[in-house]
Amino acid sequence: ELAEARAFQQSMLPPEQGWVGGISIAARYQPSAELGGDFYDYVAVGQDGGTLLVADVSGHGASAAMLTGVVKSAFHSASADGYEPLCIVARVANGIQTFSFDRFITLICVRISASQSLLEYVNAGHPPGILWGAGRDPALMEATGPLISPALLNSSWKQETLLFRSQDRLLLFTDGIEDVDGDRGYFGLGGVVREVTQNPEGGARLLDRILSSVREFTGGRRIHDDLTLLTADRGSTEVLSEERAQATNSAAY
């Protein structure tokens with residue numbers, strides 16, 4: 001039964017490589033237990049963009065799996081709202097009202113329009129997204145409101161808008177990446193920013209590099225939390241063409 005539940009939870013996740021509008025997507029998900037509490041998703045919006053989501057629910061096991069199911073349902077029901085981040089957060093908050101007060105969700109939701117070179121996002125108590133590009137130092141997309149919890153019924157969130165130009169890149173991740181500990185303390189947000197600075201090409205190569213650095217940082221210690229990363233890329237035509245081909249090949253298999 002546990003294996004079946006794990007297979008079901010994995011089935012809720014989209015492919016690790018994909019393409020929405022003019023945006024190349026790569027993701028990595030490594031749960032620390034049979035049933036994890038992390039979740040990611042993405043969907044095309046119109047012809048030239050998409051909405052991305054990375055979430056982290058409290059706990060592990062069956063209860064966490066139920067919460068990730070609520071997040072997915074809320075995410076896809078927001079098609080009626082054009083997958084606007086603020087509407088998605090409101091739908092998630094409404095979906096968990098019947099859960100106990102010790103349950104909560106952090107998430108970051110981003111909608112990108114390639115034709116308008118715009119990015120809209122809401123960060124509900126989640127680790128900051130990182131935005132960078134050619135001639136653009138990494139910038140942090142900090143929280144725009146509290147985490148989502150039945151105990152915080154009157155919470156509100158703000159939706160922010162940023163430029164997302166050609167050759168810009170975006171990284172979203174869960175706090176399991178920051179909280180990995182080793183002989184030097186915690187990997188931390190500084191460790192993630194350092195990897196972005198040293199590997200500005202983005203894409204799947206960046207995600208694999210971060211995971212490799214995290215494992216090296218632990219010095220062999222066990223990792224106790226789920227690790228999830230997602231990147232969106234408006235890189236050069238050559239790079240995106242290569243990644244689109246890889247995504248197509250992965251889908252074929």
Side-chain angles (χ1 to χ4, degrees), residues 14-28 40-54 75 78 81-89 107-124 126-145 157-174 177 189-190 192-210 228-248:
E16 286 191 338
Q17 287 185 273
W19 188 271
V20 289
I23 311 299
S24 173
I25 306 295
R28 295 290 184 269
Y40 75 87
D41 210 341
Y42 56 86
V43 65
V45 179
Q47 299 296 315
D48 69 337
T51 296
L52 327 170
L53 174 77
V54 171
F75 181 67
D81 307 311
Y83 293 101
E84 183 183 35
L86 196 59
C87 292
I88 290 171
V89 171
L107 67 80
I108 183 166
C109 186
V110 179
R111 183 171 67 175
I112 297 171
S113 171
S115 62
Q116 299 181 48
S117 296
L118 290 179
L119 174 158
E120 303 165 293
Y121 77 94
V122 175
N123 183 333
H126 198 79
I130 304 177
L131 177 64
W132 76 99
R136 182 177 194 167
D137 293 334
L140 301 181
M141 299 159 57
E142 301 279 7
T144 63
W157 298 268
K158 184 179 180 182
Q159 183 166 290
E160 300 282 1
T161 302
L162 300 172
L163 287 175
F164 192 67
R165 304 163 298 191
S166 177
Q167 299 190 49
D168 277 354
R169 295 170 171 88
L170 169 69
L171 175 68
L172 310 178
F173 56 95
T174 54
I177 301 291
L189 177 59
V192 182
V193 173
R194 182 172 59 252
E195 292 296 330
V196 167
T197 302
Q198 294 175 353
N199 303 276
E201 72 277 2
R205 287 185 288 263
L206 171 63
L207 304 188
D208 291 336
R209 176 57 192 167
I210 293 174
T228 301
L229 306 106
L230 182 147
T231 181
D233 191 352
R234 283 196 70 192
S236 66
T237 302
E238 293 79 8
V239 171
L240 293 183
S241 296
E242 177 186 347
E243 292 184 353
R244 174 180 273 182
Q246 292 174 349
T248 301

Please name the pair of heavy atoms, one in [X] and one in [Y], separated by the smallest distance, quoted to 0.1 Å.
X    : Y    : result
Y42  : P14  : CE2-CG, 3.5 Å
T174 : P127 : C-CG, 4.1 Å
A124 : W157 : CB-NE1, 3.5 Å
F75  : Y83  : O-CE2, 3.3 Å
A26  : A204 : CB-N, 3.7 Å
A232 : I25  : CB-CD1, 3.9 Å

What pairs of donor and acceptor atoms, side-chain ones from residues 158-165 against any protein atom, are under 3.5 angstrom apart with sequence neighbours left out?
unit_1	atom_1	unit_2	atom_2	d
Q159	OE1	L86	N	2.9
Q159	NE2	E84	OE2	3.4
Q159	NE2	E120	OE2	3.4

Trace of the side-chain contact (heavy atoms from CB on, under 4.5 Å) decision for L119 with D168: CA-CA 11 Å; L119 174 158; D168 277 354; over 6 Å; no
Roughly how far apart are [X] [atom1] and [Y] [atom2], rounded to 0.5 Å?
X    : Y    : atom1 : atom2 : answer
L172 : Y121 : CG    : OH    : 11.0 Å
L189 : L140 : CG    : CG    : 5.5 Å
I130 : D137 : CD1   : CG    : 12.5 Å
T144 : H126 : OG1   : NE2   : 12.0 Å
I210 : F173 : CD1   : CZ    : 8.0 Å
I112 : L170 : CD1   : CG    : 5.5 Å

What do you reckon, is CD of Q198 surrounded by more than 12 foreign heavy atoms closer than 6.0 Å? yes
I88 vs D81, side-chain contact (heavy atoms from CB on, under 4.5 Å): CA-CA, chis, key distance, verdict: CA-CA 8 Å; I88 290 171; D81 307 311; over 6 Å; no
[Y] backbone acceptor or donor facing [X] side chain under 3.5 Å:
X    : Y    : answer
S115 : D48  : no
R111 : G82  : yes
R169 : G203 : no
N123 : G129 : no

A side-chain contact here means heavy atoms from C-beta on lying under 4.5 Å apart; do Y40 and R28 qualify? no
Let me know which of V192, N199, T197 forms a side-chain contact (heavy atoms from CB on, under 4.5 Å) with E195. N199
With sequence neighbours excluded, what pairs up with R194 under the side chain to side chain donor-acceptor pair (under 3.5 Å) test? none
